[in-house]
Visitor: 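Got a structure for you, written out below as structure tokens; questions coming shortly.
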Amino acid sequence: MGDPRDLPRTLPPWLTAIDGDDAGPSPKRTRYRTIFISDLHLGTPGSNAELLLDFLKHHECATLYLVGDIVDGWQLRKGWYWPQAHNDVVRAILKMAKHGTRVIYVPGNHDEHFRDYVGLEFGGIELVGEDVHVTADGRRLLVIHGDQFDNVVLYHKWLAFLGDWAYTMLLKSNGTVNWARRRLGLPYWSLAAHMKKRVKNAVQFISRFEEVVAHAAADRNVDGVVCGHIHSAEIREFDGVTYYNDGDWVESCTALVEHACGRMEIIDWAERHRADAVAARAKPKLTVVEA
């Protein structure tokens, strides 16, 4: 590969024509200082691009972090899958960058090819290997994808690909389940997340991963760490270091947000949709009584 700095920094017209795309009135947006999202896995059937688009339409921020595994290169190498909703997600993010949001992209293991372009900027999106985010209340947070702390991915890549195949099959089942739920008028529910929480080894791996990442952040003399990778949103304290995981958009559909005061919160967008659906079904219907 040649020097990535010699590559053009312009984007194709089908991505840059981002104005005037929205149909209908825009919903009222909640503004945050910072939004962190990761593990979109665009290019796979498991990506919940429609829910992510809905989240982006309802929220805005000064800074947006894309914390890795945004585009799933592993799956795209096996076969091309790129529906319109995945285009729309990319264009929505580019539109945010064009209209003043600082967008910082930290590539992960599924989009590791973008690590060759760290230091460049494309369409207003900055590519970095890692970053240190300073919160409104002065805390320093290391922002990384997290795969460098996953021994399976780091030392046994063949096993990671095997696990990825099994996970893809589970996500396809997840899609079938939710197709049936939509036909029944039921909201999104993740079979993959449900299974993960009930598998003892997965629970142990997640707990160990969180601990290792937090300790690595302590060695870097930061106050906390923000990562993704394991598709498990969480906020935990480890000996004075705060571990934040922003979750994913194939299972739980979550984001990590920073309020104007520096307070951090996990937004579970799928759960909010479920709560809205339950409230809508419980709301009594008005009947017209003729005199």
Side-chain angles (χ1 to χ4, degrees), residues 4-5 32-40 61-71 101-121 125-157 160 202-249 252 254-267:
R5 297 181 188 278
Y32 295 105
R33 185 172 186 264
T34 315
I35 295 176
F36 304 83
I37 57 175
S38 75
D39 298 272
L40 316 186
C61 56
T63 303
L64 173 67
Y65 276 96
L66 306 173
V67 194
D69 286 2
I70 305 305
V71 176
T101 298
R102 185 185 181 195
V103 181
I104 302 173
Y105 186 178
V106 182
N109 54 303
H110 282 256
D111 49 11
E112 60 192 349
H113 51 286
F114 284 117
R115 288 173 171 165
D116 293 331
Y117 310 127
V118 161
L120 299 184
E121 179 182 303
I125 298 176
E126 307 168 35
L127 276 81
V128 301
E130 61 180 47
D131 198 38
V132 174
H133 173 71
V134 181
T135 63
D137 53 4
R139 292 175 298 125
R140 298 173 67 248
L141 306 179
L142 176 66
V143 184
I144 53 176
H145 178 62
D147 59 291
Q148 53 268 68
F149 299 103
D150 181 347
N151 286 336
V152 171
V153 171
L154 195 59
Y155 299 115
H156 303 287
K157 182 161 282 192
V203 173
Q204 290 176 342
F205 167 77
I206 289 171
S207 179
R208 178 60 178 159
F209 176 88
E210 293 171 346
E211 182 179 357
V212 168
V213 172
H215 287 167
D219 292 340
R220 298 282 295 272
N221 294 316
V222 293
D223 301 296
V225 58
V226 178
C227 64
H229 184 53
I230 59 172
H231 297 199
S232 183
E234 186 64 85
I235 299 176
R236 292 184 64 186
E237 293 287 335
F238 292 91
D239 298 325
V241 174
T242 308
Y243 166 91
Y244 299 99
N245 194 301
D246 58 27
D248 67 283
W249 289 86
S252 56
T254 55
L256 177 70
V257 300
E258 179 195 359
H259 293 262
C261 62
R263 181 174 66 87
M264 307 286 280
E265 178 187 4
I266 292 172
I267 303 295

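Here the structure is a predicted model, which means the values were calculated and not measured.
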Visitor: Identify the heavy atoms of Ala217 and Val241 that sit nearest to each other, and give their distance.
Guide: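 Where Ala217 meets Val241 most closely, the heavy atoms are CB-CG1, 4.0 Å.
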Visitor: For residues Asp246 and Ser38, is any side-chain donor paired with an opposing acceptor at under 3.5 Å?
Guide: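 Yes.
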Visitor: Test your reading of the model: is there a side-chain donor-acceptor pair from Thr135 to the backbone of Gly262, 3.5 Å cut-off?
Guide: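 Absent.
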Visitor: Donor-acceptor check, side chain of Glu265 to backbone of Leu256, threshold 3.5 angstrom: yes or no?
Guide: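 Side chain of Glu265 to backbone of Leu256: no pair is present.
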Visitor: To the nearest 0.5 Å, what is the distance between OH (Tyr117) and CD1 (Ile125)?
Guide: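 If we round to the nearest 0.5 Å, Tyr117:OH and Ile125:CD1 are 15.0 Å apart.
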Visitor: Would Ile70 and Tyr105 satisfy side-chain contact (heavy atoms from CB on, under 4.5 Å), going step by step from the backbone distance to the final call?
Guide: CA-CA 9 Å; Ile70 305 305; Tyr105 186 178; 3.4 Å; yes
Visitor: Would you call Leu127 and Phe114 a side-chain contact if the rule is heavy atoms closer than 4.5 Å?
Guide: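 Answer yes - side chains close enough.
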Visitor: Nearest 0.5 Å please: distance from the CG atom of Leu142 over to the CG atom of Asp219.
Guide: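 With rounding to 0.5 Å, CG (Leu142) is 11.0 Å from CG (Asp219).
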Visitor: What is the minimum heavy-atom distance between Val213 and Phe149, and which atoms define it?
Guide: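 In terms of heavy atoms, the two residues are closest at CG2-CD1, 3.8 Å.
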Visitor: Would you say the side chains of His229 and Asp147 form a donor-acceptor pair under 3.5 Å?
Guide: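 The criterion, which ignores hydrogens and geometry beyond distance, is not satisfied for Asp147 and His229.
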Visitor: Which heavy atom of Ala136 sits nearest to which heavy atom of Arg33, and what is that distance?
Guide: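 Here Ala136 and Arg33 meet closest at N-NH1, 3.1 Å.
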Visitor: Holding to side chain to side chain contact (heavy atoms under 4.5 Å, CB included), I want the full list of residues that pass it with Ala233, two or more places apart in sequence or in another chain.
Guide: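 Listed in chain order: Thr254, Ile266.
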Visitor: Would you sort out whether Val225 and Ile144 count as a side-chain contact (heavy atoms from CB on, under 4.5 Å), showing the intermediate values?
Guide: CA-CA 8 Å; Val225 58; Ile144 53 176; 4.1 Å; yes
Visitor: What residues, two or more places apart in sequence or in another chain, satisfy side chain to side chain donor-acceptor pair (under 3.5 Å) together with Thr242?
Guide: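 Side chain to side chain donor-acceptor pair (under 3.5 Å) list for Thr242, sorted by chain: Glu237.
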Visitor: Roughly how far, to the nearest 0.5 Å, is CG of Leu66 from CD1 of Ile37?
Guide: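 Reported to 0.5 Å precision, the distance equals 5.5 Å.
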Visitor: By side chain to side chain contact (heavy atoms under 4.5 Å, CB included), which residues pair with Ala260, not counting sequence neighbours?
Guide: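 Expected list: none.
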Visitor: Going through the distances and angles, do Asp69 and Leu40 end up as a side-chain contact (heavy atoms from CB on, under 4.5 Å)?
Guide: CA-CA 6 Å; Asp69 286 2; Leu40 316 186; over 6 Å; no
Visitor: Measuring from atom CE of Met264 to atom CG of Leu141, what distance do you get when rounded to the nearest 0.5 angstrom?
Guide: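 Going from the CE atom of Met264 to the CG atom of Leu141 covers 5.5 Å.
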Visitor: Using the test side chain to side chain contact (heavy atoms under 4.5 Å, CB included), find all partners of Arg236 that sit at least two apart in sequence or belong to another chain.
Guide: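 Arg236: side chain to side chain contact (heavy atoms under 4.5 Å, CB included) contacts with Ser207, Glu210, Glu234, Phe238.
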Visitor: Taking only residues two or more places apart in sequence or in another chain, which ones pass ring-ring contact (aromatic ring centres under 6.0 Å, His included) with Tyr32?
Guide: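 Tyr32: ring-ring contact (aromatic ring centres under 6.0 Å, His included) contacts with His59, His259.
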Visitor: Using side chain to side chain contact (heavy atoms under 4.5 Å, CB included) as the criterion, list what pairs up with His215, not counting sequence neighbours.
Guide: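 His215 satisfies side chain to side chain contact (heavy atoms under 4.5 Å, CB included) with Glu211, Asp239 only.
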Visitor: For residues 126-135, which residue pairs pass the salt bridge (charged side-chain N to carboxylate O under 4.0 Å, His left out) check, not counting sequence neighbours?
Guide: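 Applying salt bridge (charged side-chain N to carboxylate O under 4.0 Å, His left out) to every pair that reaches into residues 126-135, excluding sequence neighbours, yields Arg102-Glu126, Glu130-Arg220.
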Visitor: Classify the ring geometry between Phe36 and Tyr65 as parallel (under 30°), tilted (30 to 60°) or perpendicular (over 60°).
Guide: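 The rings of Phe36 and Tyr65 lie parallel, inter-plane angle below 30°.
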Visitor: Mind checking what makes ring-ring contact (aromatic ring centres under 6.0 Å, His included) contact with Tyr244, not counting sequence neighbours?
Guide: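 Listed in chain order: nothing, the list is empty.
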Visitor: Applying salt bridge (charged side-chain N to carboxylate O under 4.0 Å, His left out), which residue pairs with at least one partner in residues 132-146 are found, sequence neighbours left out?
Guide: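 Qualifying pairs, neighbours excluded: Asp137-Arg139.
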Visitor: Could you tell me whether the side chains of His145 and Asn109 share a donor-acceptor contact shorter than 3.5 Å?
Guide: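 The criterion, which ignores hydrogens and geometry beyond distance, is satisfied for Asn109 and His145.
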Visitor: Does the pair Phe209 and Cys227 meet the rule for a side-chain contact (heavy atoms from CB on, under 4.5 Å), with working shown?
Guide: CA-CA 11 Å; Phe209 176 88; Cys227 64; 4.1 Å; yes
